[in-house]
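Working notes, structure below.
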Amino acid sequence: MTKRRWWELTSAMLHILAMALMLSDHAWSTLFPAQRWMTSIGRIAFPIFAFLTAEGYFHTHDFKKYMKRMLIFALISEIPFNLMMGGSLLGPTHQNVIWAFLLALAGMRLLDAIKARYGKEKLWAAVLLSALVVLGCFLLGFAGFVDYYGTGVLMVLTFYFFRGRKWWCYLGQLLVMYYLNVELLGGYTILVPLLGHTFEIVEQGLALLALIPIWLYRGKQGHHSKPFQYFCYSFYPAHMLLLVLVGYLQYRLGG
């Protein structure tokens with residue numbers, strides 16, 4: 001096994017980075033609404049999680065167990081997510097982000113099945129069916145009200161289609177990520193003064209900065225253990241519950 005170079009990031013490092021940025025984003029929405037920078041840097045978190053989901057798909061030894069584990073934590077996370085986002089136990093119009101990852105995983109499985117079934121012999125059929133799968137995943141993301149909606153599902157699929165370290169993979173990731181985050185998600189803009197000029201930047205476009213740590217990843221797992229694996233899964237519902245609790249105590253003490 002080759003030694004990791006100092007500038008390379010491992011999968012474990014990407015998980016920790018993404019969790020820290022997600023915590024910043026959610027802390028802004030629950031505790032520190034005046035600190036806009038916290039959600040600005042938080043835009044970087046989701047693409048890293050999307051990339052790690054795609055990588056998890058390619059590296060898992062048991063797809064069914066991977067899906068089952070994700071499903072369990074999607075169910076566990078639903079109430080904490082509803083409490084954080086809407087202050088109630090139920091939130092039928094907005095589901096936690098793990099459901100988007102589950103849709104993307106199912107989509108990648110179908111895409112691989114199409115590739116195996118038709119290959120290059122019936123390329124037209126493979127392309128048509130693959131396009132239908134991608135469209136179906138996109139629409140289901142909206143119909144299911146998952147976090148980031150169908151656009152989030154497409155972000156995961158981006159790292160499926162443009163997986164690798166060739167120049168066209170990097171370019172494909174950059175162009176699709178730009179379209180998804182700036183053109184489709186768009187939204188709030190921030191003003192950045194630079195060299196006597198003020199530039200207007202789409203805040204969600206900061207998600208493209210996630211490509212820097214993603215490109216510094218070279219396939220190495222880094223630290224790996226069952227406790228760390230389940231810490232990464234449980235961090236999502238646990239940090240939301242903690243933020244809800246701190247927000248409740250803040251409200252009670254303030255009142």
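Ala45 and Leu21 make their closest contact through CB-CB, 3.8 Å (heavy atoms, listed as atom of the first residue, atom of the second, distance). Here the closest non-hydrogen pair linking Ser130 and Ala126 is OG-O, 2.7 Å. Closest heavy-atom contact between Ala27 and Leu243: N-CD1, 3.9 Å. Of all non-hydrogen atoms in Phe145 and Tyr149, the two that sit nearest each other are CA-CE2, 3.8 Å. Shown here for Ile48 and Ala18, the closest heavy-atom pair between the two residues is CG2-CB, 3.7 Å. Looking at every heavy atom in both residues, Val153 comes nearest to Gly141 through CG2-CA, 4.4 Å.
The cluster map of Ile, Leu, Val, Met, Phe, Trp and Tyr, joined by side-chain heavy atoms under 4.5 Å apart, puts Val133 and Trp124 in different clusters. Hydrophobic clustering (ILVMFWY, side-chain heavy atoms < 4.5 Å, transitive): Leu90 and Val146 are in distinct clusters. Met70 and Ile72 fall within the same hydrophobic cluster, defined by Ile, Leu, Val, Met, Phe, Trp and Tyr side-chain heavy atoms under 4.5 Å apart, directly or through other members. Cluster membership for Phe231 and Tyr236, using ILVMFWY side-chain heavy atoms within less than 4.5 angstrom, is shared. Note on Leu89 and Ile98: same hydrophobic cluster, where clusters join Ile, Leu, Val, Met, Phe, Trp and Tyr whose side-chain heavy atoms are under 4.5 Å apart, directly or indirectly.
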Evaluation steps, side-chain contact (heavy atoms from CB on, under 4.5 Å), between Met155 and Leu185: CA-CA 12 Å; Met155 279 196 224; Leu185 291 176; 3.8 Å; yes
Evaluation steps, side-chain contact (heavy atoms from CB on, under 4.5 Å), between Leu111 and Phe161: CA-CA 10 Å; Leu111 289 167; Phe161 286 112; 3.7 Å; yes
From CA spacing to verdict: side-chain contact (heavy atoms from CB on, under 4.5 Å), Leu154, Cys137: CA-CA 8 Å; Leu154 292 187; Cys137 289; 5.7 Å; no
Derivation of the side-chain contact (heavy atoms from CB on, under 4.5 Å) call for Leu52 and Tyr217: CA-CA 11 Å; Leu52 289 170; Tyr217 168 76; 5.9 Å; no
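Between Phe51 and Phe159, the ring planes are perpendicular. Angles over 60° get that label, and only those under 30° would be called parallel. Relative orientation of the His223 and Phe228 rings is perpendicular, given thresholds of 30° and 60° on the angle between their planes. Using cut-offs of 30° and 60° on the angle between ring planes, the pair His94 and Phe81 is perpendicular.
When atom types are taken as modelled, the side chain of His15 and the backbone of Ser11 share a donor-acceptor pair closer than 3.5 angstrom. In this structure a side-chain-to-backbone donor-acceptor pair under 3.5 Å is missing from Asn82 to Ser88. Not one N or O on the side chain of Trp28 forms a donor-acceptor pair closer than 3.5 Å with the backbone of Thr39. When atom types are taken as modelled, the side chain of Gln95 and the backbone of Gly91 share a donor-acceptor pair closer than 3.5 angstrom. Between the side chain of Thr189 and the main chain of Glu200, no donor-acceptor pair closer than 3.5 Å is present.
The closest side-chain heavy-atom distance from Asp25 to Phe46 is not below 4.5 Å. Counting heavy atoms from C-beta outward, Ile190 and Leu206 have side chains that approach closer than 4.5 Å. Side-chain contact between Leu157 and Met108: present, with at least one pair of heavy atoms (C-beta onward) separated by less than 4.5 Å. Within the 4.5 Å cutoff, the side chain of Lys166 has heavy atoms near those of the Cys169 side chain. Side chains of Glu55 and Arg163 form a contact here, defined as non-hydrogen atoms less than 4.5 Å apart. Contact of the Asn96 side chain with the Asp147 side chain is not registered, since no non-hydrogen atoms from C-beta on lie closer than 4.5 Å. In this structure the side chain of Phe63 reaches within 4.5 angstrom of the side chain of Tyr57, judged on heavy atoms. A 4.5 Å side-chain heavy-atom check between Arg165 and Trp215 finds every atom pair outside the cut-off.
Here the CD atom belonging to Gln250 is positioned 8.5 Å from the OG1 atom belonging to Thr30, to the nearest 0.5 angstrom. Taking CD1 of Ile214 as the start and CG of Leu14 as the end, the distance is 7.0 Å to the nearest 0.5 Å. Rounded to the nearest 0.5 angstrom, Leu31 CG and His26 NE2 are separated by 12.0 Å. Rounded to the nearest 0.5 Å, atoms CG (Leu105) and CG (Leu71) are 11.0 Å apart. If you take CG on Leu242 and CE on Met84, they are separated by 12.0 Å, rounding to the nearest 0.5 Å. In this structure, Arg43 CZ and Asn181 CG are separated by 9.0 Å, a value rounded to the nearest 0.5 Å.
A donor-acceptor pair shorter than 3.5 Å can be found between the side chains of Glu203 and Ser40.
Ring to ring, Tyr160 and Phe58 are close: their centroids are under 6.0 angstrom apart.
Residue pairs meeting the side chain to side chain donor-acceptor pair (under 3.5 Å) criterion with at least one partner in residues 60-74, sequence neighbours excluded, are Arg69-Tyr233.
Atom CZ of Phe199 has more than 12 heavy atoms from other residues, nucleotides or ligands within 6.0 Å. At most 12 heavy atoms of other shown residues, nucleotides or ligands fall within 6.0 angstrom of atom OH in Tyr178.
Both tests hold for Arg36 against Tyr188: distance to the six-membered ring centre under 6.0 Å, angle to the ring axis within 45°.
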